[in-house]
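We count residues from 1, following the sequence as given.
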Amino acid sequence: MTNKEAAVSLRGITKRFGAVTANENVNLDIFKGEILALLGENGSGKTTLMNMLAGLYYPDEGKIYINGKEEVISSPKDAFALGIGMVHQHFKLVDVLTATENIVLGLKGKLKLKEASAKIREICDKYGFEVDPNKKIYDMSVSEKQTVEIVKVLYRGADILILDEPTAVLTPQETEKLFAVLRNMRADGKAVVIITHKMHEVESLSDRVAVLRKGEYVGEMVTAQTNAQEMTNMMVGRSVSLNITRKEPVNPETRIEVKGLTVRNEEGIVKLDNVSFTARSGEILGIAGVSGCGQKELLEAIAGLQKAESGSIIYTDENGHTEELLGKDPLKISDLGVYLSFVPEDRLGMGLVGNMDLTDNMMLRSFRKGRGIFTDRKSPRHLAENVVNELEVVTPGISTPVRRLSGGNVQKVLVGREISTAPTVLLTAYAVRGLDINSSYTIYDLINKQKEAGVAVIYVGEDLDVLLELSDRILVLCGGQVSGIVDGRNTDKNQVGMLMTRVGGANDYE
(Lines give C-alpha, C1' and ligand atoms only; values in the text may rest on other atoms or scores of the structure.)
Protein backbone atom coordinates (compact mmCIF):
# COMPACT_ATOMS: atom_id res chain seq x y z
CA MET A 1 0.00 0.00 0.00
CA THR A 2 2.85 2.40 0.82
CA ASN A 3 3.99 2.67 -2.81
CA LYS A 4 0.71 4.43 -3.56
CA GLU A 5 0.55 8.20 -3.75
CA ALA A 6 -1.23 9.94 -0.85
CA ALA A 7 -4.16 12.12 -1.92
CA VAL A 8 -4.68 13.22 1.70
CA SER A 9 -2.35 13.21 4.72
CA LEU A 10 -3.76 14.24 8.10
CA ARG A 11 -1.11 15.01 10.72
CA GLY A 12 -1.78 15.61 14.42
CA ILE A 13 -5.45 16.52 13.87
CA THR A 14 -7.26 17.47 17.09
CA LYS A 15 -10.83 18.78 17.42
CA ARG A 16 -12.60 19.73 20.65
CA PHE A 17 -16.20 20.73 21.34
CA GLY A 18 -16.05 22.44 24.74
CA ALA A 19 -14.79 19.86 27.24
CA VAL A 20 -15.30 16.98 24.79
CA THR A 21 -12.37 15.93 22.58
CA ALA A 22 -13.82 14.46 19.36
CA ASN A 23 -10.45 13.78 17.68
CA GLU A 24 -7.01 13.72 19.28
CA ASN A 25 -3.69 13.78 17.41
CA VAL A 26 -4.99 11.77 14.43
CA ASN A 27 -2.46 10.80 11.73
CA LEU A 28 -4.03 9.23 8.63
CA ASP A 29 -3.22 8.82 4.93
CA ILE A 30 -5.78 8.34 2.16
CA PHE A 31 -4.26 7.03 -1.08
CA LYS A 32 -5.21 7.56 -4.73
CA GLY A 33 -6.78 4.55 -6.43
CA GLU A 34 -7.94 3.10 -3.11
CA ILE A 35 -11.16 2.55 -1.18
CA LEU A 36 -10.55 3.17 2.53
CA ALA A 37 -13.11 2.07 5.15
CA LEU A 38 -13.11 4.31 8.24
CA LEU A 39 -14.34 2.33 11.23
CA GLY A 40 -15.12 3.09 14.86
CA GLU A 41 -17.85 2.87 17.50
CA ASN A 42 -20.47 5.59 17.96
CA GLY A 43 -18.77 8.76 19.14
CA SER A 44 -15.30 7.64 17.98
CA GLY A 45 -14.95 10.78 15.82
CA LYS A 46 -15.20 9.33 12.28
CA THR A 47 -17.69 11.84 10.88
CA THR A 48 -16.05 14.75 12.74
CA LEU A 49 -12.69 13.88 11.16
CA MET A 50 -14.16 13.70 7.65
CA ASN A 51 -16.17 16.90 8.23
CA MET A 52 -12.86 18.70 8.79
CA LEU A 53 -11.65 17.43 5.43
CA ALA A 54 -14.94 18.56 3.83
CA GLY A 55 -14.64 22.07 5.36
CA LEU A 56 -17.59 21.82 7.76
CA TYR A 57 -15.35 21.96 10.85
CA TYR A 58 -11.93 23.50 11.37
CA PRO A 59 -9.27 21.57 13.33
CA ASP A 60 -8.00 23.07 16.61
CA GLU A 61 -4.58 21.54 16.01
CA GLY A 62 -2.76 19.72 13.21
CA LYS A 63 -2.15 20.00 9.48
CA ILE A 64 -3.89 18.77 6.33
CA TYR A 65 -1.88 17.94 3.21
CA ILE A 66 -3.61 17.47 -0.15
CA ASN A 67 -1.44 15.84 -2.84
CA GLY A 68 1.62 16.55 -0.68
CA LYS A 69 0.92 20.26 -0.17
CA GLU A 70 -0.24 21.79 3.11
CA GLU A 71 -3.69 23.34 2.73
CA VAL A 72 -6.11 25.31 4.89
CA ILE A 73 -9.72 24.11 4.52
CA SER A 74 -12.05 26.57 6.23
CA SER A 75 -15.25 25.99 4.20
CA PRO A 76 -16.91 23.45 1.86
CA LYS A 77 -15.97 25.85 -0.98
CA ASP A 78 -12.27 25.39 -0.10
CA ALA A 79 -12.76 21.61 -0.03
CA PHE A 80 -14.42 21.63 -3.49
CA ALA A 81 -11.58 23.74 -4.87
CA LEU A 82 -9.16 21.03 -3.66
CA GLY A 83 -11.20 18.24 -5.26
CA ILE A 84 -12.82 16.96 -2.05
CA GLY A 85 -16.51 15.98 -2.07
CA MET A 86 -18.55 14.49 0.78
CA VAL A 87 -21.88 12.69 0.37
CA HIS A 88 -23.71 12.91 3.70
CA GLN A 89 -26.17 10.45 5.23
CA HIS A 90 -29.00 12.96 4.84
CA PHE A 91 -29.12 14.22 1.26
CA LYS A 92 -28.95 17.95 0.58
CA LEU A 93 -31.16 18.19 -2.53
CA VAL A 94 -34.02 20.49 -3.57
CA ASP A 95 -37.05 18.26 -4.20
CA VAL A 96 -38.78 20.41 -6.83
CA LEU A 97 -35.69 20.71 -9.05
CA THR A 98 -34.38 18.21 -11.59
CA ALA A 99 -31.17 16.21 -11.20
CA THR A 100 -29.32 18.63 -13.51
CA GLU A 101 -30.61 21.73 -11.66
CA ASN A 102 -29.48 20.26 -8.32
CA ILE A 103 -26.06 19.33 -9.69
CA VAL A 104 -25.30 22.82 -11.03
CA LEU A 105 -27.00 24.69 -8.15
CA GLY A 106 -24.69 27.30 -6.64
CA LEU A 107 -22.07 27.18 -9.38
CA LYS A 108 -20.80 30.47 -10.77
CA GLY A 109 -21.06 31.64 -14.34
CA LYS A 110 -23.77 31.43 -16.98
CA LEU A 111 -25.45 28.06 -16.79
CA LYS A 112 -26.43 26.17 -19.91
CA LEU A 113 -28.59 23.26 -18.78
CA LYS A 114 -28.22 21.42 -22.10
CA GLU A 115 -24.42 21.43 -21.80
CA ALA A 116 -24.66 20.49 -18.12
CA SER A 117 -26.95 17.52 -18.97
CA ALA A 118 -24.46 16.35 -21.61
CA LYS A 119 -21.59 16.52 -19.10
CA ILE A 120 -23.68 14.64 -16.51
CA ARG A 121 -24.41 11.87 -19.05
CA GLU A 122 -20.67 11.68 -19.78
CA ILE A 123 -19.90 11.19 -16.05
CA CYS A 124 -22.66 8.58 -15.76
CA ASP A 125 -21.37 6.63 -18.77
CA LYS A 126 -17.80 6.74 -17.49
CA TYR A 127 -18.55 5.30 -14.03
CA GLY A 128 -21.73 3.29 -14.65
CA PHE A 129 -24.33 5.51 -12.99
CA GLU A 130 -27.98 5.36 -13.96
CA VAL A 131 -29.66 8.75 -13.63
CA ASP A 132 -32.10 10.76 -15.73
CA PRO A 133 -30.78 14.38 -15.73
CA ASN A 134 -34.32 15.74 -16.31
CA LYS A 135 -36.09 13.79 -13.57
CA LYS A 136 -37.40 15.73 -10.55
CA ILE A 137 -35.93 14.76 -7.17
CA TYR A 138 -39.37 14.10 -5.65
CA ASP A 139 -39.96 11.39 -8.27
CA MET A 140 -36.73 9.57 -7.39
CA SER A 141 -35.98 6.53 -5.25
CA VAL A 142 -33.46 6.83 -2.39
CA SER A 143 -30.84 5.17 -4.59
CA GLU A 144 -31.39 7.68 -7.42
CA LYS A 145 -31.11 10.63 -4.98
CA GLN A 146 -27.82 9.26 -3.70
CA THR A 147 -26.60 8.92 -7.30
CA VAL A 148 -27.40 12.61 -7.88
CA GLU A 149 -25.37 13.52 -4.76
CA ILE A 150 -22.35 11.54 -5.99
CA VAL A 151 -22.61 12.90 -9.55
CA LYS A 152 -22.89 16.41 -8.05
CA VAL A 153 -19.46 16.13 -6.37
CA LEU A 154 -17.89 14.52 -9.46
CA TYR A 155 -19.33 17.28 -11.69
CA ARG A 156 -17.51 19.78 -9.48
CA GLY A 157 -14.23 17.93 -10.06
CA ALA A 158 -13.90 15.79 -6.93
CA ASP A 159 -10.97 13.34 -6.88
CA ILE A 160 -11.38 12.57 -3.18
CA LEU A 161 -14.83 11.20 -2.27
CA ILE A 162 -16.16 10.65 1.24
CA LEU A 163 -19.41 8.68 1.71
CA ASP A 164 -21.05 8.59 5.16
CA GLU A 165 -23.16 5.43 5.66
CA PRO A 166 -23.87 5.17 1.90
CA THR A 167 -25.92 1.94 1.98
CA ALA A 168 -28.14 2.62 5.01
CA VAL A 169 -31.40 2.51 3.01
CA LEU A 170 -30.42 0.68 -0.20
CA THR A 171 -31.58 -2.76 -1.35
CA PRO A 172 -28.86 -5.42 -1.93
CA GLN A 173 -29.16 -4.88 -5.68
CA GLU A 174 -28.80 -1.08 -5.33
CA THR A 175 -25.82 -1.60 -2.99
CA GLU A 176 -24.11 -3.81 -5.58
CA LYS A 177 -24.66 -1.14 -8.26
CA LEU A 178 -23.15 1.51 -5.98
CA PHE A 179 -20.16 -0.72 -5.21
CA ALA A 180 -19.56 -1.32 -8.94
CA VAL A 181 -19.49 2.47 -9.46
CA LEU A 182 -17.08 2.98 -6.54
CA ARG A 183 -14.78 0.28 -7.94
CA ASN A 184 -14.81 2.10 -11.30
CA MET A 185 -13.82 5.30 -9.47
CA ARG A 186 -10.97 3.49 -7.76
CA ALA A 187 -9.79 2.17 -11.14
CA ASP A 188 -9.84 5.79 -12.38
CA GLY A 189 -7.42 6.80 -9.59
CA LYS A 190 -9.93 8.46 -7.26
CA ALA A 191 -9.45 8.25 -3.48
CA VAL A 192 -12.66 6.95 -1.86
CA VAL A 193 -13.49 6.86 1.87
CA ILE A 194 -16.57 5.07 3.22
CA ILE A 195 -17.85 5.36 6.78
CA THR A 196 -20.00 2.32 7.55
CA HIS A 197 -21.02 -0.05 10.38
CA LYS A 198 -21.68 -2.97 8.01
CA MET A 199 -18.70 -5.32 8.22
CA HIS A 200 -19.64 -7.49 5.23
CA GLU A 201 -19.57 -4.36 3.06
CA VAL A 202 -16.16 -3.37 4.41
CA GLU A 203 -14.87 -6.84 3.53
CA SER A 204 -16.30 -6.88 0.01
CA LEU A 205 -15.47 -3.30 -1.02
CA SER A 206 -12.50 -1.77 0.78
CA ASP A 207 -8.75 -2.17 0.20
CA ARG A 208 -7.72 -0.88 3.61
CA VAL A 209 -9.35 -0.24 6.97
CA ALA A 210 -8.47 2.59 9.40
CA VAL A 211 -9.84 2.41 12.93
CA LEU A 212 -10.66 5.20 15.39
CA ARG A 213 -11.37 4.56 19.07
CA LYS A 214 -12.55 7.34 21.40
CA GLY A 215 -11.31 9.98 18.96
CA GLU A 216 -7.84 8.49 18.53
CA TYR A 217 -6.37 6.65 15.55
CA VAL A 218 -5.57 3.12 16.79
CA GLY A 219 -4.36 1.40 13.63
CA GLU A 220 -5.03 0.16 10.15
CA MET A 221 -5.29 -3.19 8.37
CA VAL A 222 -5.23 -4.45 4.80
CA THR A 223 -8.80 -5.71 4.30
CA ALA A 224 -7.79 -8.91 2.48
CA GLN A 225 -5.62 -9.89 5.47
CA THR A 226 -8.22 -9.44 8.22
CA ASN A 227 -11.85 -10.30 9.09
CA ALA A 228 -14.92 -8.78 10.77
CA GLN A 229 -13.98 -10.21 14.18
CA GLU A 230 -10.48 -8.66 14.18
CA MET A 231 -11.81 -5.31 12.94
CA THR A 232 -14.49 -5.21 15.65
CA ASN A 233 -12.02 -6.17 18.37
CA MET A 234 -9.76 -3.28 17.27
CA MET A 235 -12.71 -0.85 17.26
CA VAL A 236 -13.86 -1.84 20.75
CA GLY A 237 -10.47 -2.59 22.31
CA ARG A 238 -11.41 -6.09 23.47
CA SER A 239 -12.85 -9.35 22.14
CA VAL A 240 -16.53 -9.06 21.15
CA SER A 241 -18.99 -11.82 20.25
CA LEU A 242 -20.54 -11.32 16.79
CA ASN A 243 -23.01 -14.18 16.89
CA ILE A 244 -26.79 -13.87 16.73
CA THR A 245 -28.24 -16.98 18.35
CA ARG A 246 -31.51 -17.97 16.68
CA LYS A 247 -33.36 -20.57 18.71
CA GLU A 248 -36.38 -22.43 17.38
CA PRO A 249 -39.68 -20.87 18.54
CA VAL A 250 -41.21 -22.82 21.48
CA ASN A 251 -44.97 -23.53 21.20
CA PRO A 252 -45.70 -20.52 18.97
CA GLU A 253 -49.25 -19.21 19.25
CA THR A 254 -50.92 -16.48 17.20
CA ARG A 255 -50.81 -13.13 19.02
CA ILE A 256 -51.57 -10.73 16.15
CA GLU A 257 -53.57 -11.56 13.03
CA VAL A 258 -53.74 -8.82 10.40
CA LYS A 259 -56.33 -9.26 7.62
CA GLY A 260 -56.83 -7.07 4.55
CA LEU A 261 -55.30 -3.98 6.21
CA THR A 262 -55.49 -0.86 4.01
CA VAL A 263 -54.14 2.49 5.22
CA ARG A 264 -54.00 5.90 3.52
CA ASN A 265 -51.85 8.79 4.69
CA GLU A 266 -53.06 12.38 5.19
CA GLU A 267 -52.61 13.12 1.48
CA GLY A 268 -54.88 10.19 0.58
CA ILE A 269 -52.03 8.04 -0.79
CA VAL A 270 -52.38 4.30 -0.12
CA LYS A 271 -49.48 3.29 2.19
CA LEU A 272 -50.73 -0.24 2.97
CA ASP A 273 -52.72 -2.17 0.41
CA ASN A 274 -54.66 -5.24 1.60
CA VAL A 275 -51.91 -6.50 3.95
CA SER A 276 -52.43 -9.84 5.75
CA PHE A 277 -50.14 -11.88 8.04
CA THR A 278 -49.82 -13.41 11.51
CA ALA A 279 -47.29 -12.76 14.29
CA ARG A 280 -46.72 -15.52 16.84
CA SER A 281 -45.48 -15.76 20.41
CA GLY A 282 -41.82 -16.74 20.88
CA GLU A 283 -41.03 -15.77 17.31
CA ILE A 284 -39.35 -12.86 15.54
CA LEU A 285 -41.19 -11.76 12.41
CA GLY A 286 -38.85 -9.55 10.39
CA ILE A 287 -40.28 -6.86 8.10
CA ALA A 288 -38.18 -6.06 5.03
CA GLY A 289 -38.80 -3.38 2.41
CA VAL A 290 -37.30 -0.36 0.73
CA SER A 291 -37.56 2.73 2.95
CA GLY A 292 -41.09 4.19 2.95
CA CYS A 293 -42.88 1.02 1.78
CA GLY A 294 -45.41 1.09 4.62
CA GLN A 295 -43.31 -0.31 7.50
CA LYS A 296 -43.99 2.70 9.75
CA GLU A 297 -47.73 2.76 8.95
CA LEU A 298 -48.03 -0.98 9.64
CA LEU A 299 -46.55 -0.77 13.14
CA GLU A 300 -48.47 2.41 13.94
CA ALA A 301 -51.76 0.82 12.83
CA ILE A 302 -51.19 -2.14 15.19
CA ALA A 303 -50.29 0.26 18.03
CA GLY A 304 -53.41 2.39 17.44
CA LEU A 305 -51.54 5.45 16.19
CA GLN A 306 -52.67 5.16 12.56
CA LYS A 307 -56.25 5.02 11.28
CA ALA A 308 -57.06 2.23 8.84
CA GLU A 309 -59.44 2.46 5.91
CA SER A 310 -60.37 -1.23 6.05
CA GLY A 311 -59.29 -4.61 7.40
CA SER A 312 -58.87 -5.96 10.91
CA ILE A 313 -56.11 -6.52 13.49
CA ILE A 314 -57.03 -9.24 15.98
CA TYR A 315 -54.99 -9.60 19.19
CA THR A 316 -55.17 -12.94 21.06
CA ASP A 317 -53.94 -13.05 24.66
CA GLU A 318 -52.32 -16.01 26.47
CA ASN A 319 -55.76 -17.29 27.58
CA GLY A 320 -57.14 -17.31 24.03
CA HIS A 321 -59.30 -14.16 24.43
CA THR A 322 -59.44 -12.06 21.27
CA GLU A 323 -59.70 -8.28 20.83
CA GLU A 324 -60.05 -6.15 17.70
CA LEU A 325 -57.32 -3.50 17.92
CA LEU A 326 -58.53 -1.25 15.09
CA GLY A 327 -60.33 1.77 16.51
CA LYS A 328 -58.90 1.20 20.01
CA ASP A 329 -57.12 3.93 21.95
CA PRO A 330 -53.28 3.54 21.91
CA LEU A 331 -53.23 3.48 25.74
CA LYS A 332 -55.72 0.60 25.84
CA ILE A 333 -53.61 -1.26 23.27
CA SER A 334 -50.44 -0.81 25.34
CA ASP A 335 -52.37 -1.96 28.44
CA LEU A 336 -53.00 -5.23 26.57
CA GLY A 337 -49.21 -5.62 26.32
CA VAL A 338 -48.78 -4.48 22.70
CA TYR A 339 -45.79 -2.09 22.82
CA LEU A 340 -44.44 -0.03 19.97
CA SER A 341 -40.71 0.71 20.11
CA PHE A 342 -40.17 2.90 17.07
CA VAL A 343 -36.76 4.53 16.82
CA PRO A 344 -37.56 7.69 14.84
CA GLU A 345 -35.10 9.60 12.67
CA ASP A 346 -35.61 12.48 15.08
CA ARG A 347 -34.71 10.64 18.29
CA LEU A 348 -34.93 13.70 20.53
CA GLY A 349 -37.99 15.19 18.86
CA MET A 350 -40.16 12.08 18.91
CA GLY A 351 -38.65 9.56 21.31
CA LEU A 352 -37.09 11.39 24.24
CA VAL A 353 -37.19 14.80 25.93
CA GLY A 354 -33.77 16.42 25.50
CA ASN A 355 -33.81 18.60 28.60
CA MET A 356 -34.90 15.76 30.90
CA ASP A 357 -32.37 13.41 32.48
CA LEU A 358 -32.18 9.64 31.95
CA THR A 359 -34.42 8.75 34.91
CA ASP A 360 -37.18 11.16 33.82
CA ASN A 361 -37.01 9.84 30.25
CA MET A 362 -37.44 6.29 31.58
CA MET A 363 -40.44 7.53 33.58
CA LEU A 364 -42.24 8.68 30.40
CA ARG A 365 -43.21 5.00 29.93
CA SER A 366 -44.33 4.34 33.50
CA PHE A 367 -45.54 7.57 35.15
CA ARG A 368 -49.17 6.35 35.12
CA LYS A 369 -48.18 3.56 37.50
CA GLY A 370 -47.73 5.96 40.42
CA ARG A 371 -50.35 6.46 43.12
CA GLY A 372 -52.57 9.50 42.88
CA ILE A 373 -50.46 12.54 42.13
CA PHE A 374 -47.22 10.76 43.13
CA THR A 375 -45.10 9.11 40.46
CA ASP A 376 -42.89 6.08 41.00
CA ARG A 377 -39.28 7.29 40.62
CA LYS A 378 -37.52 4.25 42.08
CA SER A 379 -38.19 1.83 39.18
CA PRO A 380 -37.24 4.32 36.41
CA ARG A 381 -33.99 5.14 38.26
CA HIS A 382 -33.19 1.43 38.51
CA LEU A 383 -34.03 1.00 34.80
CA ALA A 384 -31.83 3.97 33.85
CA GLU A 385 -28.88 2.43 35.74
CA ASN A 386 -29.49 -0.93 34.06
CA VAL A 387 -29.63 0.60 30.56
CA VAL A 388 -26.43 2.59 31.18
CA ASN A 389 -24.59 -0.52 32.41
CA GLU A 390 -25.94 -3.10 29.95
CA LEU A 391 -25.70 -0.95 26.83
CA GLU A 392 -22.53 0.86 27.91
CA VAL A 393 -24.07 4.32 27.56
CA VAL A 394 -21.33 6.96 27.70
CA THR A 395 -22.72 9.54 30.16
CA PRO A 396 -21.41 11.43 33.24
CA GLY A 397 -24.40 9.98 35.16
CA ILE A 398 -28.13 9.23 35.05
CA SER A 399 -28.95 12.82 36.03
CA THR A 400 -27.39 14.14 32.78
CA PRO A 401 -29.88 15.67 30.29
CA VAL A 402 -30.07 13.31 27.28
CA ARG A 403 -29.46 16.17 24.81
CA ARG A 404 -25.85 16.22 26.05
CA LEU A 405 -25.24 12.64 24.87
CA SER A 406 -23.94 11.67 21.40
CA GLY A 407 -26.50 10.43 18.82
CA GLY A 408 -25.57 6.78 19.33
CA ASN A 409 -25.88 7.05 23.11
CA VAL A 410 -29.27 8.79 22.83
CA GLN A 411 -30.36 5.81 20.72
CA LYS A 412 -29.20 3.32 23.37
CA VAL A 413 -31.27 5.12 26.03
CA LEU A 414 -34.36 5.09 23.80
CA VAL A 415 -34.08 1.42 22.77
CA GLY A 416 -33.10 0.26 26.25
CA ARG A 417 -36.22 1.87 27.71
CA GLU A 418 -38.54 0.46 25.07
CA ILE A 419 -37.43 -3.17 25.02
CA SER A 420 -36.93 -3.56 28.76
CA THR A 421 -40.69 -3.37 29.41
CA ALA A 422 -42.71 -6.59 29.71
CA PRO A 423 -44.82 -6.75 26.53
CA THR A 424 -46.69 -9.68 24.99
CA VAL A 425 -46.13 -8.15 21.53
CA LEU A 426 -43.07 -5.99 20.83
CA LEU A 427 -43.16 -3.85 17.68
CA THR A 428 -39.69 -2.49 17.05
CA ALA A 429 -38.40 -0.47 14.12
CA TYR A 430 -34.84 0.65 13.34
CA ALA A 431 -33.63 -0.43 16.81
CA VAL A 432 -29.98 -0.24 15.73
CA ARG A 433 -30.22 2.69 13.30
CA GLY A 434 -26.90 4.53 13.55
CA LEU A 435 -25.47 2.23 16.25
CA ASP A 436 -22.00 0.71 16.06
CA ILE A 437 -21.56 -3.04 15.69
CA ASN A 438 -20.89 -3.75 19.38
CA SER A 439 -24.01 -1.89 20.59
CA SER A 440 -26.07 -3.45 17.79
CA TYR A 441 -25.27 -6.99 18.93
CA THR A 442 -26.23 -6.07 22.51
CA ILE A 443 -29.63 -4.93 21.17
CA TYR A 444 -30.06 -8.14 19.10
CA ASP A 445 -29.38 -10.09 22.29
CA LEU A 446 -32.06 -8.12 24.18
CA ILE A 447 -34.57 -8.74 21.36
CA ASN A 448 -33.76 -12.48 21.43
CA LYS A 449 -34.33 -12.53 25.20
CA GLN A 450 -37.83 -11.11 24.59
CA LYS A 451 -38.48 -13.87 22.03
CA GLU A 452 -37.29 -16.54 24.50
CA ALA A 453 -39.65 -15.07 27.11
CA GLY A 454 -42.54 -15.85 24.73
CA VAL A 455 -43.03 -12.35 23.30
CA ALA A 456 -44.21 -12.00 19.69
CA VAL A 457 -41.61 -9.70 18.17
CA ILE A 458 -42.22 -7.76 14.94
CA TYR A 459 -38.84 -6.35 13.88
CA VAL A 460 -38.40 -3.76 11.13
CA GLY A 461 -34.74 -3.49 10.15
CA GLU A 462 -32.58 -1.92 7.45
CA ASP A 463 -29.74 -4.46 7.41
CA LEU A 464 -30.86 -7.50 5.40
CA ASP A 465 -27.96 -9.66 6.63
CA VAL A 466 -29.16 -9.13 10.21
CA LEU A 467 -32.83 -9.68 9.29
CA LEU A 468 -31.87 -13.05 7.78
CA GLU A 469 -29.87 -14.04 10.88
CA LEU A 470 -32.33 -12.79 13.49
CA SER A 471 -35.80 -13.49 12.05
CA ASP A 472 -37.75 -16.75 12.08
CA ARG A 473 -39.91 -15.48 9.22
CA ILE A 474 -39.58 -12.39 7.03
CA LEU A 475 -42.52 -10.47 5.60
CA VAL A 476 -41.46 -8.43 2.57
CA LEU A 477 -43.31 -5.23 1.68
CA CYS A 478 -43.18 -3.62 -1.76
CA GLY A 479 -45.15 -0.44 -2.42
CA GLY A 480 -47.41 -1.15 0.58
CA GLN A 481 -48.29 -4.68 -0.53
CA VAL A 482 -47.12 -8.03 0.82
CA SER A 483 -44.62 -9.21 -1.75
CA GLY A 484 -43.88 -12.47 0.06
CA ILE A 485 -43.41 -14.18 3.42
CA VAL A 486 -40.25 -16.30 3.59
CA ASP A 487 -38.51 -18.53 6.15
CA GLY A 488 -35.52 -16.72 7.65
CA ARG A 489 -33.57 -19.97 7.91
CA ASN A 490 -33.67 -21.01 4.27
CA THR A 491 -33.82 -17.88 2.15
CA ASP A 492 -31.07 -15.60 0.89
CA LYS A 493 -30.44 -11.88 0.52
CA ASN A 494 -31.01 -11.82 -3.23
CA GLN A 495 -34.41 -13.47 -2.96
CA VAL A 496 -35.51 -10.93 -0.33
CA GLY A 497 -33.99 -8.09 -2.39
CA MET A 498 -35.98 -9.14 -5.46
CA LEU A 499 -39.21 -9.25 -3.42
CA MET A 500 -38.44 -5.74 -2.11
CA THR A 501 -38.43 -4.33 -5.64
CA ARG A 502 -41.41 -6.12 -7.15
CA VAL A 503 -44.59 -7.64 -5.78
CA GLY A 504 -44.16 -11.40 -5.77
CA GLY A 505 -47.85 -12.03 -5.16
CA ALA A 506 -47.27 -14.56 -2.37
CA ASN A 507 -50.51 -15.88 -0.88
CA ASP A 508 -48.99 -17.58 2.18
CA TYR A 509 -50.01 -15.47 5.14
CA GLU A 510 -49.10 -18.07 7.75
Side-chain angles (χ1 to χ4, degrees), residues 1-10 26-42 44-47 49-50 53 84-87 89 127-128 146 150 159-168 170 172-214 216-244 435-441 463-466 468-469 493:
M1 287 291 165
T2 47
N3 60 356
K4 287 202 169 184
E5 193 187 337
V8 177
S9 296
L10 303 175
V26 174
N27 297 304
L28 176 68
D29 290 312
I30 303 164
F31 297 111
K32 294 177 183 179
E34 173 193 70
I35 297 173
L36 173 74
L38 189 58
L39 299 181
E41 292 190 274
N42 293 116
S44 62
K46 306 179 296 293
T47 304
L49 187 67
M50 289 300 104
L53 202 48
I84 302 164
M86 185 164 176
V87 177
Q89 245 178 306
Y127 296 111
Q146 185 184 62
I150 299 171
D159 290 314
I160 300 154
L161 268 100
I162 305 157
L163 295 100
D164 193 358
E165 297 284 350
T167 65
L170 301 185
Q173 286 81 359
E174 288 168 341
T175 298
E176 262 317 305
K177 271 188 194 170
L178 173 66
F179 285 3
V181 167
L182 296 179
R183 289 182 187 113
N184 289 341
M185 288 183 187
R186 173 179 62 192
D188 193 40
K190 307 267 187 209
V192 180
V193 182
I194 61 160
I195 300 172
T196 180
H197 292 308
K198 298 179 181 178
M199 287 302 179
H200 56 279
E201 293 181 356
V202 173
E203 291 175 311
S204 72
L205 181 69
S206 68
D207 302 298
R208 192 167 54 103
V209 171
V211 181
L212 295 181
R213 191 191 312 141
K214 293 179 181 170
E216 295 180 26
Y217 172 79
V218 291
E220 64 176 60
M221 294 174 274
V222 175
T223 311
Q225 295 167 10
T226 187
N227 57 44
Q229 187 66 58
E230 284 181 0
M231 290 187 264
T232 306
N233 292 351
M234 189 186 255
M235 277 163 53
V236 180
R238 58 182 161 77
S239 188
V240 174
S241 170
L242 294 183
N243 292 319
I244 296 176
L435 287 188
D436 58 64
I437 191 163
N438 186 31
S439 306
S440 298
Y441 275 81
D463 189 330
L464 269 192
D465 290 88
V466 169
L468 288 163
E469 268 189 84
K493 201 158 74 166

Mind checking the CZ-CE spacing from Arg183 to Met185? Nearest 0.5 Å is all I need. 13.0 Å
Please name the pair of heavy atoms, one in Ala191 and one in Phe31, separated by the smallest distance, quoted to 0.1 Å. CB-O, 3.3 Å
Close side-chain approach of Met199 to Val209, heavy-atom, < 4.5 Å: no
In chain order, what residues pass the side chain to side chain contact (heavy atoms under 4.5 Å, CB included) check against Lys493, with sequence neighbours excluded? Pro172, His200, Leu464, Asp465, Leu468
Would you confirm whether Glu34, through its side chain, and Asp207, through its main-chain N or O, come within 3.5 Å as a donor-acceptor pair? no
What's the spacing between Glu220 CD and Leu38 CG if we round to 0.5 Å? 11.5 Å
Are the side chains of Met86 and Leu53 in touch, meaning some heavy atoms are under 4.5 Å apart? no
Any side-chain heavy atom of Thr167 sitting closer than 4.5 Å to one from Lys198? yes
As a quick check of understanding, evaluate side chain to side chain contact (heavy atoms under 4.5 Å, CB included) for Ile150 and Leu163, giving each step before the final call. CA-CA 9 Å; Ile150 299 171; Leu163 295 100; 3.8 Å; yes
Between Ser44 (side chain only) and Arg213 (backbone N and O only), is there a donor and an acceptor less than 3.5 Å apart? no
Please check: side-chain N/O of Asp188 versus main-chain N/O of Lys190, any donor-acceptor pairing under 3.5 Å? no
Looking only at heavy atoms, the pair that brings Tyr441 and Ile244 closest together is CE2-CG1, 3.6 Å
Nearest-0.5 Å distance, CG of residue Leu28 to CG of residue Leu10: 5.5 Å
Measure across Glu230 and Thr226 and return the closest heavy-atom pair with its distance rounded to 0.1 Å. OE1-OG1, 2.8 Å
Between the side chain of Lys32 and the main-chain N/O of Glu5, is any donor-acceptor distance below 3.5 Å? no
Take Ile162 and Ile30 through the side chain to side chain contact (heavy atoms under 4.5 Å, CB included) test and state the conclusion after the steps. CA-CA 11 Å; Ile162 305 157; Ile30 303 164; over 6 Å; no
Within this structure, what is the OG-CD1 distance for the pair Ser206 and Ile35, rounded to the nearest 0.5 Å? 8.0 Å
Can you check whether Leu205 reaches Val192 side chain to side chain, under 4.5 Å on heavy atoms? no
If you look at every heavy atom in Glu41 and Met235, which pair is closest and at what distance? OE1-O, 3.8 Å
Side-chain donor or acceptor of Thr223 paired with backbone N/O of Arg208 under 3.5 Å: yes
Would you name the heavy atoms of Gly128 and Val181 that are closest together and state the gap between them? O-CG2, 3.6 Å
Before you tell me yes or no, could you show the steps for Lys46 and Glu165 under side chain to side chain contact (heavy atoms under 4.5 Å, CB included), namely the whole-Å CA-CA distance, both residues' side-chain angles and the distance that decides it to 0.1 Å? CA-CA 11 Å; Lys46 306 179 296 293; Glu165 297 284 350; 5.7 Å; no
How long is the straight-line distance from OG1 of Thr47 back to CG of Asp164, given to the nearest 0.5 Å? 4.0 Å
